[in-house]
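Keep in mind that the numbers below use all heavy atoms, side chains included, and drop hydrogens, waters and symmetry copies. First the proteins, then the strands, lettered A, B, ... as listed; each starts at 1. A quick note: this is a predicted structure, and the numbers were derived from the prediction, not measured.
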2 protein chains.
Amino acid sequence: MTSINQTLRQAGLKITLSRVKVLQTLMDAEPKRRHLTAEDVYKELVANDEPIGLGTIYRILAQFEEANLVVRHHFTSSPANFELARGRQHYHMVCEESGEIVELTDTALYEQKKREVEQLGYKLVGFNLVLYVEEGS
Amino acid sequence: MTSINQTLRQAGLKITLSRVKVLQTLMDAEPKRRHLTAEDVYKELVANDEPIGLGTIYRILAQFEEANLVVRHHFTSSPANFELARGRQHYHMVCEESGEIVELTDTALYEQKKREVEQLGYKLVGFNLVLYVEEGS
DNA sequence: ATGATTGCAAAACATTTGCATTCTA
DNA sequence: TAGAATGCAAATGTTTTGCAATCAT
């Protein structure tokens with residue numbers, strides 16, 4: 001509870017019931033389900049008798065993204081998946097058959113690309129690597 | 001002309017006026033504009049007095065994707081960008097300010113990830129790395 | 001009290017699809 | 001000429017938005 005309020009405050013967001021609910025839902029889904037759609041969050045809340053508007057969820061997730069609380073992914077065209085930003089740099093392997101999403105890490109890679117981009121005169125603000133796979137090598 | 005027909009035939013697609021037009025448009029856009037949306041292709045053709053249905057373009061691009069003639073990207077939620085598959089493995093740097101898309105290569109990285117994925121028992125069928133940047137390091 | 005936030009429904013898009021018509025081989 | 005491909009418009013699915021009502025400080 002406190003942690004959630006702190007997180008919101010630090011993000012510069014006013015503490016409202018809806019924002020708490022959405023953040024709570026994302027946190028509760030960890031660590032099993034890390035990449036929820038807006039609809040997932042909506043269904044979860046409605047199932048828990050916590051009515052909320054889907055539009056509100058989209059607005060809140062956009063604010064969370066802006067505040068770097070969550071990362072938005074476009075693994076497929078849509079819907080987008082949102083995951084809590086946990087600092088640790090990682091990337092994803094998406095199985096095109098099962099839809100399974102596996103997280104992998106390669107910190108060296110991130111640092112390397114960060115440097116490369118800087119040498120080109122830019123600042124790296126987002127790193128997105130997705131390996132699309134099928135079962136059976 | 002011949003090259004286009006050959007390409008289509010090799011892809012196992014019947015040669016139709018619409019498919020030729022779409023492929024031609026993608027080729028003509030090279031090398032300056034490599035990542036066209038379905039709408040881009042549509043506008044280009046209409047501007048050239050080559051009427052075509054937008055739905056048809058979506059259908060054709062999906063077929064091209066299936067045949068590995070083009071790659072579909074989801075740099076942002078939508079619309080999707082399509083680029084001619086030119087064999088060479090590459091990835092993209094997208095400037096969030098200007099929208100500019102720069103292509104970069106790192107064959108070693110691709111090969112490395114391919115191996116890693118195979119060690120996990122999967123087959124790599126798609127590789128997508130996007131570095132989102134801002135101007136000024 | 002005041003300005004931010006929410007719910008709801010409508011709008012805005014991107015994309016897909018059904019079906020009658022038109023092409024290609 | 002048979003089966004595939006197309007145009008068009010309607011349907012779908014996701015996300016955004018306007019506005020009146022509600023909430024947080």
Problem - Start and end of the DNA chain C segment that chain A contacts, any atom under 4.0 Å from a heavy atom - result: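 First and last nucleotides in contact are C/dA4 to C/dC8.
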
Exercise for the section: When you get a sec, tell me which of D/dT15, D/dA24, D/dT6 is the closest nucleotide to the side chain of B/Thr56? Expected result: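 Output: D/dT6.
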
Exercise for the section: Kindly point out which of D/dT6, D/dT14, D/dT16 is positioned nearest to the side chain of A/Pro79? Expected result: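 In terms of side-chain proximity for A/Pro79, the closest of D/dT6, D/dT14, D/dT16 is D/dT14.
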
Practice task
Considering only NZ, NE, NH1 and NH2 on the basic side and carboxylate oxygens on the acidic side, decide whether A/Glu103 and A/Arg88 come within less than 4.0 Å.
Solution key: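 No, no charged N to carboxylate O under 4.0 Å.
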
Nearest-angstrom distance from the residue atom [atom1] of [X] to [atom2] of [N]:
X	N	atom1	atom2	answer
B/Leu8	D/dA4	CG	P	18 Å
B/Leu61	D/dT6	CG	C1'	15 Å
B/Arg59	D/dA11	CZ	C1'	14 Å
A/Ile57	D/dT15	CD1	C1'	13 Å
A/Glu39	D/dT14	CD	P	7 Å
B/Leu54	D/dC8	CG	P	11 Å
B/Gln63	D/dA5	CD	C1'	8 Å

Practice task
Have a look at A/Ala80 and say if it touches a base, only the backbone sugar-phosphate, or nothing, with a 4.0 Å heavy-atom cut-off.
Solution key: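 Contact class for A/Ala80: sugar-phosphate only.
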
Handout entry: Any side-chain heavy-atom pair of A/Lys123 and B/Val133 under 4.5 Å
Key =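 A/Lys123 vs B/Val133: side chains apart.
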
Practice task
Compute the centroid of each ring, for B/His92 and then for B/Phe75, and state whether the two points are separated by less than 6.0 Å.
Solution key: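 Here the rings of B/Phe75 and B/His92 have centres that are less than 6.0 Å from each other.
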
Problem - Short side-chain to backbone donor-acceptor contact, B/Glu97 and B/Glu135, under 3.5 Å - result: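 Such a contact is found between B/Glu97 side chain and B/Glu135 backbone.
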
Problem - Residue-level proximity of residues 40-53 of chain A to DNA chain C when a heavy atom falls under 4.0 Å - result: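 DNA chain C contact set from residues 40-53 of chain A: A/Pro51, A/Ile52, A/Gly53.
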
